[in-house]
Trainee: 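Dropping the structure in here first, questions after.
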2 protein chains.
Amino acid sequence: MTTRPLPDFDLMRFTPYRLAVAAERTSEELARQYRKRFGISIPEWRVLVHLARPTDGARTVSVRDIEARVAMEKSKVSRAASRLEAAGLIAKTVEAGDRRLVRLALTDAGRALMAELLPLALAYQREIEARLAEAFAGLEAGLEALLRE
Amino acid sequence: MTTRPLPDFDLMRFTPYRLAVAAERTSEELARQYRKRFGISIPEWRVLVHLARPTDGARTVSVRDIEARVAMEKSKVSRAASRLEAAGLIAKTVEAGDRRLVRLALTDAGRALMAELLPLALAYQREIEARLAEAFAGLEAGLEALLRE
DNA sequence: TTGACTTCATTGCATATGCAATGATTATGC
DNA sequence: GCATAATCATTGCATATGCAATGAAGTCAA
């Protein structure tokens with residue numbers, strides 16, 4: 001029962017923790033705008049953003065497809081898509097060739113919303129880059145190394 | 001109703017998104033070990049880590065205190081602390097000087113657990129640093145710039 | 001063709017979360 | 001000294017989440 005000294009561990013220097021805090025801060029700052037002004041959550045935003053990219057090859061755009069590209073559980077994608085459909089921002093149709101697949105696509109209202117949202121995101125990205133200045137390239141390289149594998 | 005072209009936006013290049021994915025991957029990799037082997041969640045782990053640092057000045061170690069340092073909502077801290085108390089890993093006592101405050105402290109069992117957990121975390125940190133090699137310094141500088149303010 | 005296996009998307013369920021409200025205690029102004 | 005305001009921790013409640021299970025559709029081999 002003697003009080004063995006514990007290893008000295010500083011959470012503030014722990015990379016996973018630092019990443020989590022940085023991610024939360026940056027995401028939340030923008031997400032607050034989405035939420036308050038458009039009623040859009042982060043999962044919903046990710047789905048919308050993916051659908052807003054026309055240049056992407058074959059464009060199956062199924063739930064499975066988005067799950068793979070957007071790093072979200074498929075149930076999360078499915079529920080986000082349902083909410084977006086209920087809001088009239090996307091349309092879900094059964095794929096003709098393979099009736100297991102659900103084809104997701106922006107509605108006109110969805111495109112109109114993205115025409116407002118995307119400039120906000122682009123501006124925020126530029127703001128981050130400006131705030132980090134020279135440090136941005138290093139962050140990018142580090143993230144690249146972390147995400148690549 | 002003409003299809004206006006949307007701004008070209010690549011989620012994969014969006015810093016908040018990259019941070020979120022990187023944070024999720026690194027945290028989850030370690031959290032899986034906590035969970036499977038010790039039944040500890042990330043919020044619980046953060047509380048434990050904070051309590052495991054003896055060198056920290058006045059050491060009030062209230063829920064409020066942890067909330068501020070560990071970047072978690074106070075309800076999250078409160079619930080994590082309750083679970084840890086139920087598991088016998090920490091003790092909660094009312095602060096004598098200010099009876100609104102709850103003083104949190106590791107029990108002997110809690111210290112014993114941390115003696116196992118902390119080396120895992122330290123090893124993981126070293127693994128990340130090795131994996132990133134020269135890119136690590138850049139990542140650190142970038143995170144520093146993001147988190148400082 | 002049939003039957004076992006795989007792939008997709010959704011849903012059920014238990015748990016986790018954020019936020020506001022509450023209760024308890026202490027600080028402050030008059 | 002007393003009423004009001006501020007601080008701290010917990011809890012209620014609605015919603016979100018992860019994971020497993022389900023159901024529907026397609027593939028493959030014999």
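First the proteins, then the strands, lettered A, B, ... as listed; each starts at 1. All values reported here derive from a predicted model rather than from experimental measurement. The basis for the numbers below is simple: all heavy atoms, side chains too, and nothing from hydrogens, waters or symmetry mates.
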Trainee: If you measure from the Lys or Arg side-chain nitrogens to the Asp or Glu carboxylate oxygens, is any gap between A:E129 and A:R126 under 4.0 Å?
Mentor: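 No salt bridge links A:E129 with A:R126.
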
Trainee: For A:E28 and A:S75, find the nucleotide of DNA chain C closest to each by heavy atoms; which residue's nucleotide sits nearer the 5' end?
Mentor: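 The answer here is A:S75.
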
Trainee: What I want to find out is whether A:E95 reaches A:R99 closely enough, with some N-O distance under 4.0 Å, to be called a salt bridge.
Mentor: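 Salt bridge: no.
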
Trainee: Please state whether the phosphate of D:dA25, meaning OP1 or OP2, lies under 4.0 angstrom from any side-chain nitrogen or oxygen of A:R100.
Mentor: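 Answer no for this pair, as no side-chain N or O of A:R100 is under 4.0 Å from OP1 or OP2.
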
Trainee: Identify whether any heavy atom of B:K76 sits under 4.0 Å from a base atom; if not, whether one sits that close to sugar-phosphate; answer base, sugar-phosphate or nothing.
Mentor: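 Result for B:K76 = sugar-phosphate.
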
Trainee: Measure the distance from CG on A:L101 to C1' on D:dT27 and round it to the nearest whole Å.
Mentor: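 After rounding, the gap between these two atoms is 14 Å.
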
Trainee: Would the B:F14 and A:W45 ring centres measure less than 6.0 Å apart?
Mentor: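 Yes; A:W45 has its ring centre under 6.0 Å from that of B:F14.
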
Trainee: Between A:R99 and B:E24, which has a closest nucleotide on DNA chain D that is more 5'?
Mentor: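 In this pair, the answer is B:E24.
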
Trainee: Donor-acceptor pairs under 3.5 Å, side chain of residues 81-90 of chain A to any protein atom, not counting sequence neighbours: which ones?
Mentor:
from: A:S82; atom 1: OG; to: A:S78; atom 2: O; distance (Å): 3.1
from: A:S82; atom 1: OG; to: A:K92; atom 2: NZ; distance (Å): 3.4
from: A:R83; atom 1: NE; to: A:E44; atom 2: OE2; distance (Å): 2.4

Trainee: Under a 4.0 Å threshold between the charged nitrogen and the carboxylate oxygen, would A:R25 count as salt-bridged to A:E29?
Mentor: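 Here A:E29 does not pair with A:R25 in a salt bridge, since their nearest N and O are not under 4.0 Å apart.
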
Trainee: Would A:R18 and B:E144 count as a salt bridge (charged side-chain N to carboxylate O under 4.0 Å, His left out) if you check the C-alpha gap in whole Å, the side-chain angles of each, and the deciding distance to 0.1 Å?
Mentor: CA-CA 9 Å; A:R18 291 166 72 85; B:E144 194 63 40; 2.8 Å; yes

Trainee: Expected output is a numbered-order residue list: members of residues 32-40 of chain B with a heavy atom under 4.0 Å from any atom of DNA chain D. What is it?
Mentor: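 Going residue by residue through residues 32-40 of chain B, none turns out to have a heavy atom under 4.0 Å of DNA chain D.
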
Trainee: First and last nucleotide of DNA chain C in contact with chain A, 5' to 3', at under 4.0 Å to a heavy atom: what are they?
Mentor: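 The protein-touched segment is C:dT7 to C:dC13.
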
Trainee: I need the CG-C1' distance between B:D98 and D:dT7, as an integer number of Å.
Mentor: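 Rounded to the whole Å, the gap is 8 Å.
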
Trainee: For B:R32, is there an ion pair with B:E28 - N to carboxylate O distance below 4.0 angstrom?
Mentor: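 The answer is yes: the pair qualifies as a salt bridge.
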
